[in-house]
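For reference, the structure discussed in these notes is given below.
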Amino acid sequence: MRIALHGIPGSGKSTLARLLVEEFIRSGRSVSLVRLADPLYQLQALVYRTAGRPLPDTTWQDGDLLAALAGHLRRINPDALTADFRARVAQLPPDSAVVCDDLRAPDVPCLQELDFTLVHVKAQPLLRQARRAARGDLTDGPEEALWALPAGAEVDNDGSVEELRAAARDLVRQVAP
């Protein structure tokens with residue numbers, strides 16, 4: 001059972017991922033949250049430290065910087081992020097559920113090969129903007145055409161956390177044998 005979430009920043013991918021992890025645990029499954037962008041977040045922190053402006057919170061995102069770093073990594077080696085991701089997923093127990101909350105278009109073939117169910121998470125623009133402001137995003141970054149990616153499921157995240165929890169429960173039931 002492997003789920004990869006995609007959607008525009010602020011749509012609720014990380015919140016849904018956290019709820020999915022809780023639901024897998026509640027169902028008695030071992031589960032891991034594995035982010036494709038972990039190397040990018042490490043590089044972002046290094047860039048800010050080097051610039052003399054260390055980030056006070058590891059959850060803050062500079063979307064423009066992260067997109068630029070990803071673009072340059074992929075230019076140098078198109079498999080830089082996916083090879084790292086594959087290696088981390090391969091270290092997990094074979095029966096462990098895996099949740100990825102940061103799928104991007106260039107990485108779709110890799111995650112499809114790894115049998116991830118792709119889930120599109122959507123939310124209204126004003127709600128996404130408020131969420132991004134609340135978590136301290138430094139820049140918006142590009143809003144990729146992620147809605148055009150293939151999706152095995154879709155989650156509308158315009159409601160309450162309890163409604164999102166119900167969607168997580170439904171997704172776990174759909175993908176768990």
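Position 1 is the first residue of the sequence, and the numbers go up from there.
- At distances below 3.5 Å, at least one donor-acceptor pair connects side-chain atoms of Gln44 with backbone N or O atoms of Asp62.
- When side chains are defined from C-beta on, Arg74 does not count as touching Thr82, because their heavy atoms never get closer than 4.5 Å.
- Partners of Asp156 by side chain to side chain contact (heavy atoms under 4.5 Å, CB included), not counting sequence neighbours, listed by chain and number: Lys122.
- A search for side chain to side chain donor-acceptor pair (under 3.5 Å) contacts involving Glu22 returns Arg18, Arg165, not counting sequence neighbours.
- The side chain to side chain contact (heavy atoms under 4.5 Å, CB included) check on Thr50 picks up Leu46, with sequence neighbours excluded.
- Under the rule for a side chain to side chain donor-acceptor pair (under 3.5 Å), the partners of Arg88 that lie at least two apart in sequence or sit in another chain are Asp38, Asp84.
- Applying the salt bridge (Lys or Arg N to Asp or Glu O under 4.0 Å) rule to pairs touching residues 110-121 yields Arg86-Glu113, sequence neighbours excluded.
- No side-chain heavy atom of Val99 sits less than 4.5 Å from a side-chain heavy atom of Val34.
- With sequence neighbours excluded, the residues forming a side chain to side chain donor-acceptor pair (under 3.5 Å) with Asp170 are Arg173, listed by chain and number.
- Every residue meeting the side chain to side chain contact (heavy atoms under 4.5 Å, CB included) condition with Pro56, not counting sequence neighbours, appears here in chain and number order: Trp60.
- Contacts of Leu73 classified as side chain to side chain contact (heavy atoms under 4.5 Å, CB included), with partners at least two apart in sequence or in another chain: Leu40, Leu43, Ala80, Leu81.
- Every pair passing salt bridge (Lys or Arg N to Asp or Glu O under 4.0 Å) that includes a residue from residues 89-102 is listed here, sequence neighbours excluded: Arg35-Asp101.
- Identified under the ring pair (Phe, Tyr, Trp, His ring centres under 6.0 Å) test for residues 83-118, with sequence neighbours left out: Phe85-Phe116.
- Residues Val172 and Arg169 form no side-chain contact, since every pair of their non-hydrogen atoms from C-beta on lies 4.5 Å or further apart.
- Nearest heavy-atom pair, Leu5 versus Ile3, reported as atom, atom and distance to 0.1 Å: CD2-CG2, 3.7 Å.
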